[in-house]
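Here's the structure we're looking at; comments come further down.
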Amino acid sequence: MGGESLLGPLTGSGHYTYQLAKHLIARGEIAELNFLAHGRIIDIESIEAIINRGQDQQEGGAASPDSRFSRVRTAAARNITLVKAYQTFFPLVERWALRDYKDSDVLHSPNYLLPPFKGRKVVTILDLSTILSLIH
C-alpha cells in the first residue's frame with residue numbers, strides 16, 4: 001500500500017490510508033501488509049510508530065524529519081520542472097523497491113499515483129487538488 005501520506009502529519013489521505021490499513025489488518029484476511037513510501041518498503045509496526053510519534057509531536061514536540069520532508073515536497077510540488085523530474089525518476093526507484101513482489105500480490109495506491117508494479121493494482125483518487133495546482 002502507498003504510505004507517503006502516513007509519514008508527515010496526517011491529513012485527509014493519511015487518515016484514510018491509516019484507517020483502511022488498520023481495518024484490513026483487524027479483519028485477519030491479509031497475510032502481510034507493507035507500505036511503499038519514498039522508494040522504500042515499511043512494515044505496519046514501523047508505520048504505527050511513525051504515526052504515534054507524529055501525534056506526540058503535534059502536541060508540542062519538534063518537527064520530525066518526515067514532516068520536514070513533507071513541507072519540502074509540498075513546496076516542490078508547485079514547481080512544474082521538479083514535478084516532471086520526479087515523475088520521470090521516481091517510478092524507477094519504486095519499481096526497484098517492489099521488485100520482490102509477485103503477480104499474486106496487490107498494490108493499492110491511496111494517493112492518486114500508481115507506481116510500476118507487475119501484480120494487481122488499485123488506485124484511489126481522493127481529490128484533484130494536485131492536478132488543479134499544476135493548471136493554475
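The first residue in the sequence is number 1, and the count goes up from there.
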Return the minimal non-hydrogen interatomic distance between [X] and [Y], and the atom names on each side.
{"X": "Val93", "Y": "Gly39", "value": "CG1-CA, 3.6 Å"}
{"X": "Glu94", "Y": "Pro116", "value": "OE1-CD, 4.4 Å"}
{"X": "Leu107", "Y": "Phe117", "value": "CB-CD2, 3.6 Å"}
{"X": "Ala37", "Y": "Gly3", "value": "CB-C, 3.8 Å"}

| Is a donor on one side and an acceptor on the other found under 3.5 Å between the side chain of Arg120 and the backbone of Ser104? |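 Yes.
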| said: Is it the case that the side chain of Lys118 and the backbone of Tyr101 share a donor-acceptor pair, with hydrogens and angles ignored and the cut-off at 3.5 Å? | reply: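 Side chain of Lys118 to backbone of Tyr101, a donor-acceptor pair under 3.5 Å: yes, one is there.
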| query | Do other residues, nucleotides or ligands put more than 12 heavy atoms under 6.0 Å from the NZ atom of Lys84? | reply |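 Open: at most 12 neighbouring heavy atoms sit under 6.0 Å from NZ of Lys84.
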So, taking the atom named [atom1] in [X] and the one named [atom2] in [Y], what distance separates them when rounded to the nearest 0.5 Å?
{"X": "Ile41", "Y": "Leu36", "atom1": "CD1", "atom2": "CG", "value": "5.0 Å"}
{"X": "Thr17", "Y": "Leu10", "atom1": "OG1", "atom2": "CG", "value": "9.0 Å"}
{"X": "Leu98", "Y": "Asp105", "atom1": "CG", "atom2": "CG", "value": "9.5 Å"}
{"X": "Leu24", "Y": "Met1", "atom1": "CG", "atom2": "CE", "value": "5.5 Å"}
{"X": "Phe90", "Y": "Arg95", "atom1": "CZ", "atom2": "CZ", "value": "13.5 Å"}
{"X": "Ile125", "Y": "Ser13", "atom1": "CD1", "atom2": "OG", "value": "13.0 Å"}

Are [Y] and [X] connected into the same hydrophobic cluster when the rule is that any two of I, L, V, M, F, W, Y join if their side-chain heavy atoms are below 4.5 Å apart?
{"X": "Leu82", "Y": "Phe89", "answer": "no"}
{"X": "Leu92", "Y": "Val83", "answer": "no"}
{"X": "Ile30", "Y": "Val106", "answer": "no"}

| field | Pairs satisfying side chain to side chain donor-acceptor pair (under 3.5 Å), at least one member in residues 19-28, at least two apart | value |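 Passing the test, one end in residues 19-28: Arg27-Glu29.
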| task | Could you give me the CA-CA distance, side-chain angles and deciding distance for Phe35 and Leu6, then say whether side-chain contact (heavy atoms from CB on, under 4.5 Å) is met? | result | CA-CA 9 Å; Phe35 298 86; Leu6 299 171; 3.6 Å; yes
